[in-house]
Novice: 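One structure, as structure tokens, below. Some questions next.
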Amino acid sequence: MLARILHIVIAFTLLFMTSCNKTSHDGQRVVSVTILPQKYLAEQIAGNNFAINCVVPANSNPEVYDPTPMQLIEIDKSEAYLRVGGMLGFEMTWMDRLAQNNPDMRIYDTSTGIEVMKVTHSHTHGNGVVHSYDGADPHIWSSPRNVRIMAQNICAALTELDAANATYYRANCDKLTQRIDSVEAVVAQLLEPCQGAAFAIYHPSLSYLARDYGLLQLCIENMGKENSAIVLKNVVDEAIDKDVKVVFVQQEFNPRQVETFARELGVDVVMINPLNYDWATEIIDIAHAIAR
């Protein structure tokens, strides 16, 4: 706890000592996002007009991530923040503080218009504090249908920030939407024969993909923690009953319990990265793994 408090004190001391220059090193205007799939979408729409700063780096868990002091300085340079929707652990913990420190920074919600799924969610921070709440499943980017809406929200935000280039952003968004449509077509074709099929995953990050394409997601973890042996046995039994053919584990999690689970089923473990910058390739690869 003391270490985390010291981390925050150092971070905000550095922010106080830093000028309020809202540009990147090369003079571009700066917009911050939380995760890499958002960075991809924002960069396709913004072109070279904005520098897109992604806070949570590759192979990090956005449920529990705490930014470094230098990252907080980069956020302070931002004239806007495109949050996933306030549902991720990082955003729940840090968004209010970031807004208070940079009151001129506009905050946009990229989940606006998405039908969110309700869950009981829990995560444990580095200081051991467990944060639980009944709210929305944050993993909206796992479904191409949601990504299309996220792109429209990002376009609207950039257009509001830079109305003089609105036509440019809308044209870029149209091109991106065509790309998203092609990804959705591939995913739909792969998963249409799998209607009602089940897959297992360590952390339930594919909830929206499962919902939108008629799949069943079985979660191996329990409220952010590994299940007990008894509970895990029950999940194994359900997976056998549902004829699960693949078990997923995300790069940011320890695969040990997933490997045990997969051995019980006699199926393969597939490492995935739903937080991949190249979201299109990742989602298609996931659909291939489910469909095989």
Novice: Thinking salt bridges, do Glu238 and Lys242 make one under a 4.0 Å N-O criterion?
Specialist: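 Lys242 and Glu238: not salt-bridged.
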
Novice: Find out whether Pro274 and His139 are in side-chain contact, i.e. whether some heavy atom of one side chain is under 4.5 Å from a heavy atom of the other.
Specialist: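 Sidechains of His139 and Pro274: no contact.
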
Novice: Rounded to the nearest 0.5 Å, how far apart are CD of Gln28 and CD1 of Ile52?
Specialist: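 If I round to the nearest 0.5 Å, the distance is 8.5 Å.
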
Novice: Does the distance from a Lys or Arg side-chain N to an Asp or Glu carboxylate O, for Asp137 and Arg211, drop under 4.0 Å?
Specialist: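 Salt bridge: no.
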
Novice: Working to the nearest 0.5 angstrom, can you tell me the gap between His203 NE2 and Glu63 CD?
Specialist: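 His203 NE2 to Glu63 CD: 4.5 Å, rounded to 0.5 Å.
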
Novice: Go through Tyr81 and Asn102 one step at a time and tell me if the side chain to side chain contact (heavy atoms under 4.5 Å, CB included) criterion holds.
Specialist: CA-CA 10 Å; Tyr81 195 109; Asn102 188 357; over 6 Å; no

Novice: Answer whether the closest heavy-atom distance between the side chains of Val236 and Phe261 falls below 4.5 Å.
Specialist: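 The answer is yes, as the side chains (C-beta and beyond) meet within the 4.5 Å cut-off.
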
Novice: For the side chain of Asn153 and the backbone of Thr110, is there at least one donor-acceptor N/O pair under 3.5 Å apart?
Specialist: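 Here the side-chain-to-backbone pair exists.
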
Novice: Yes or no on side chain to side chain contact (heavy atoms under 4.5 Å, CB included) for Leu41 and Val147, after CA distance, side-chain angles and deciding distance?
Specialist: CA-CA 9 Å; Leu41 298 175; Val147 171; 3.8 Å; yes

Novice: Which heavy atom in Ala210 sits nearest to a heavy atom in Gln217, and how many Å separate them?
Specialist: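 Shortest heavy-atom contact: CB-CB, 4.2 Å.
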
Novice: Which pair of non-hydrogen atoms, one from Pro144 and one from Glu184, has the smallest distance, and what is that distance?
Specialist: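 Scanning both residues, the minimum pair turns out to be CB-CB, 3.9 Å.
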
Novice: Between the side chain of Arg29 and the main-chain N/O of Leu161, is any donor-acceptor distance below 3.5 Å?
Specialist: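 Yes, because the side chain of Arg29 sits within donor-acceptor range (under 3.5 Å) of the backbone of Leu161.
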
Novice: Using a 3.5 Å distance criterion without hydrogens, assess whether the side chain of Thr159 forms a donor-acceptor pair with backbone atoms of Cys155.
Specialist: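 Between the backbone of Cys155 and the side chain of Thr159 there is a qualifying donor-acceptor contact (under 3.5 Å).
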
Novice: Could you check Tyr65 against Gln71 for side chain to side chain donor-acceptor pair (under 3.5 Å), going step by step and ending with a plain yes or no?
Specialist: CA-CA 12 Å; Tyr65 187 76; Gln71 284 179 315; 2.7 Å; yes

Novice: Other residues, nucleotides and ligands only: do more than 12 of their heavy atoms fall within 6.0 Å of CD on Glu115?
Specialist: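 Open: at most 12 neighbouring heavy atoms sit under 6.0 Å from CD of Glu115.
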
Novice: How many angstroms lie between atom CD1 of Ile140 and atom CE of Met150, to the nearest 0.5 angstrom?
Specialist: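 If I round to the nearest 0.5 Å, the distance is 4.0 Å.
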
Novice: If the threshold is 4.0 Å, N to carboxylate O, is there a salt bridge linking Asp174 and Arg170?
Specialist: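 So Asp174 does not pair with Arg170 through a salt bridge.
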
Novice: Looking only at heavy atoms, what is the nearest atom pair of Ile45 and Tyr169, with distance?
Specialist: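 Scanning both residues, the minimum pair turns out to be O-CD2, 3.3 Å.
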
Novice: Looking only at heavy atoms, which two atoms of Ile149 and Gly113 are closest? And how far apart?
Specialist: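 Ile149 and Gly113 have their closest heavy atoms at CD1-O, 3.9 Å.
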
Novice: Do you know which two heavy atoms are closest between Glu91 and Val84, and how far apart they sit?
Specialist: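 Minimum heavy-atom separation between Glu91 and Val84: OE2-N, 2.6 Å.
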
Novice: Are the side chains of Val258 and Ile201 in contact, using a 4.5 Å heavy-atom criterion?
Specialist: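 No, every pair of side-chain atoms sits at 4.5 Å or beyond.
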
Novice: Quick one: does Glu79's side chain get under 4.5 Å of Phe50's, heavy atoms only?
Specialist: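 A side-chain contact exists here, since the closest heavy-atom pair is under 4.5 Å.
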
Novice: Indicate yes or no: at least one non-hydrogen side-chain atom of Leu209 is less than 4.5 angstrom from one of Ile290.
Specialist: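 In short, these two side chains touch, coming nearer than 4.5 Å.
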
Novice: Taking C-beta and beyond as the side chain, do Gln44 and Ile180 meet within less than 4.5 Å on heavy atoms?
Specialist: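 Contact flag for Gln44/Ile180 side chains = no.
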
Novice: Kindly give the heavy-atom pair with the smallest separation between Cys54 and Ile35, and that separation in Å.
Specialist: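 Shortest heavy-atom separation between Cys54 and Ile35 comes out as SG-C, 3.3 Å.
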
Novice: For the backbone of Gln38 and the side chain of Trp279, can you confirm whether one donor and one acceptor N or O come within less than 3.5 Å of each other?
Specialist: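 Answer holds: no.
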
Novice: Does NZ or CZ of Arg83 lie under 6.0 Å from the centre of the six-membered ring of Phe90, at an angle within 45° of the ring axis?
Specialist: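 Checked: cation-pi criterion not met.
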
Novice: Return the CD to CG distance between Glu252 and Leu275, rounded to the nearest 0.5 Å.
Specialist: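 It is 5.0 Å, given to the nearest 0.5 Å.
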
Novice: Look at the side chain of Glu282 and the backbone N and O of Asn273, then say whether any donor-acceptor pair between them is shorter than 3.5 Å.
Specialist: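 Checking the backbone N and O of Asn273 against the side chain of Glu282, a donor-acceptor pair under 3.5 Å is found.
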
Novice: Among Leu206, Asp212, Ile286, whose side-chain contact (heavy atoms from CB on, under 4.5 Å) with Ser142 holds?
Specialist: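 When Leu206, Asp212, Ile286 are each tested with Ser142, the side-chain contact (heavy atoms from CB on, under 4.5 Å) holds only for Leu206.
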
Novice: One pair to check against side chain to side chain donor-acceptor pair (under 3.5 Å): Tyr168 and Asn49. What are the steps and the verdict?
Specialist: CA-CA 10 Å; Tyr168 172 73; Asn49 289 356; 5.1 Å; no

Novice: How many angstroms lie between atom OH of Tyr40 and atom CG of Asn276, to the nearest 0.5 angstrom?
Specialist: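 Rounded to the nearest 0.5 Å, the OH-CG separation comes out at 11.0 Å.
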
Novice: First locate atom CD1 of Ile283, then atom CG of Leu190, and finally report the distance between them rounded to the nearest 0.5 Å.
Specialist: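 Here the rounded value is 12.0 Å.
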
Novice: Quick one: which of Val247, Thr260, Val249 gives a side-chain contact (heavy atoms from CB on, under 4.5 Å) with Ile220?
Specialist: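 The passing option is Val247.
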
